[in-house]
Amino acid sequence: MSLAHDPDFLRLLAGSHARLVGTPLLPEEAGRDDAAQVRWLYESAPFCVLAHNTDADPRFVYANKAAQARFEYGWDEFVTLPSRLSAEAPDRAERQRLLDAVTRDGFIGDYRGLRIAKSGRRFWIERATVWQLIDEAGVLRGQAARFSEWRDE
């Protein structure tokens, strides 16, 4: 099963967000059952959610439809993309500092950073939350980001 429709992955995203950030990832309108929430987050959420794994060169493992539209990659392209490629080479050091801070502190709220779409279009993500994906057993599974504000450069 693709992580786009995996209720266990949704529980990892939402559970780690609630534990670390202290707020729910999903609004009440997403529904109460897992299937409705998975579908809403992937297909209908008005905000972007991305996640990468813990590989030495982390690779995206999740991007909802809003993120796919913003970055101009379809699902199959996104989940093979090293997450470092979401920023241009000169901006990767800044991105790495962000990820290091998230590793140290558990999450960062109100992040702002320059990103690049598949077409080369640059855009700023604004007021993003980036958090550790830590499962119920305390195992690190990756990192995720949520943002609903952006502007083209």
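Numbers here are sequence positions counted from 1.
In this structure, D100 does not pair ionically with R97, as no charged nitrogen and carboxylate oxygen lie closer than 4.0 Å. A salt bridge is defined here as a Lys NZ or Arg NE, NH1 or NH2 lying under 4.0 Å from an Asp or Glu carboxylate O, and R19 with E136 meets this definition.
Atom CG of D135 sits about 12.0 Å away from atom CZ of R11, to the nearest 0.5 Å. Here the straight-line distance linking atom CD1 of I134 with atom OG of S16 works out to 7.5 Å at 0.5 Å rounding. With values rounded to the nearest 0.5 angstrom, T103 atom OG1 is found 8.0 Å from Q96 atom CD. Rounding to the nearest 0.5 angstrom, the gap separating the CG atom in N53 from the CG atom in L140 is 10.0 Å. Rounding to the nearest 0.5 Å gives a distance of 9.0 Å between CD of E126 and CG of D110. Distance OG1/T129 to CG/L20: 11.5 Å, rounded to 0.5 Å.
The 12-atom threshold is not exceeded at CD of E28, counting heavy atoms of other residues, nucleotides or ligands nearer than 6.0 Å. By the 6.0 Å contact criterion, CZ on R32 is open, its count of non-hydrogen atoms from other residues, nucleotides or ligands being 12 or less.
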Donor-acceptor contacts, no H, no angles, side chain residues 38-49, under 3.5 Å, sequence neighbours left out:
unit_1: Y42; atom_1: OH; unit_2: Q68; atom_2: NE2; d: 3.0

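With sequence neighbours left out, Q132 forms a side chain to side chain donor-acceptor pair (under 3.5 Å) with Q143. D105 pairs by the side chain to side chain donor-acceptor pair (under 3.5 Å) definition with nothing, not counting sequence neighbours. In this structure, the side chain to side chain donor-acceptor pair (under 3.5 Å) partners of R70, at least two apart in sequence or on a different chain, are D152. Here R104 pairs with nothing under the side chain to side chain donor-acceptor pair (under 3.5 Å) rule; sequence neighbours left out.
The two residues G142 and T54 make their nearest non-hydrogen contact at N-CG2, 3.4 Å.
In this structure, the side chains of F9 and R141 stay at 4.5 Å or more apart for every pair of heavy atoms. Between W131 and L25, some side-chain heavy-atom pair lies under the 4.5 Å cut-off.
Summarising the hydrophobic clusters (Ile, Leu, Val, Met, Phe, Trp, Tyr; side-chain heavy atoms under 4.5 Å, direct or chained), the residues clustered with W124 are L114.
A donor-acceptor pair under 3.5 Å links the side-chain atoms of Q37 to the main chain of G31, judged by distance alone. Of the possible donor and acceptor atoms, none in the side chain of R127 sits under 3.5 Å from a partner among the backbone N and O of F147.
Grouping the Ile, Leu, Val, Met, Phe, Trp and Tyr side chains by contacts below 4.5 angstrom, directly or via other members, places I116 apart from V79.
Aromatic ring orientation, F71 versus F123: perpendicular (interplanar angle above 60°, classes split at 30° and 60°).
Paired with F60 under the rule ring-ring contact (aromatic ring centres under 6.0 Å, His included), one option of W75, Y73, F78 passes, and it is F78. With E72 as reference, R121 is the one residue of R121, R115, K118 to meet the salt bridge (charged side-chain N to carboxylate O under 4.0 Å, His left out) rule.
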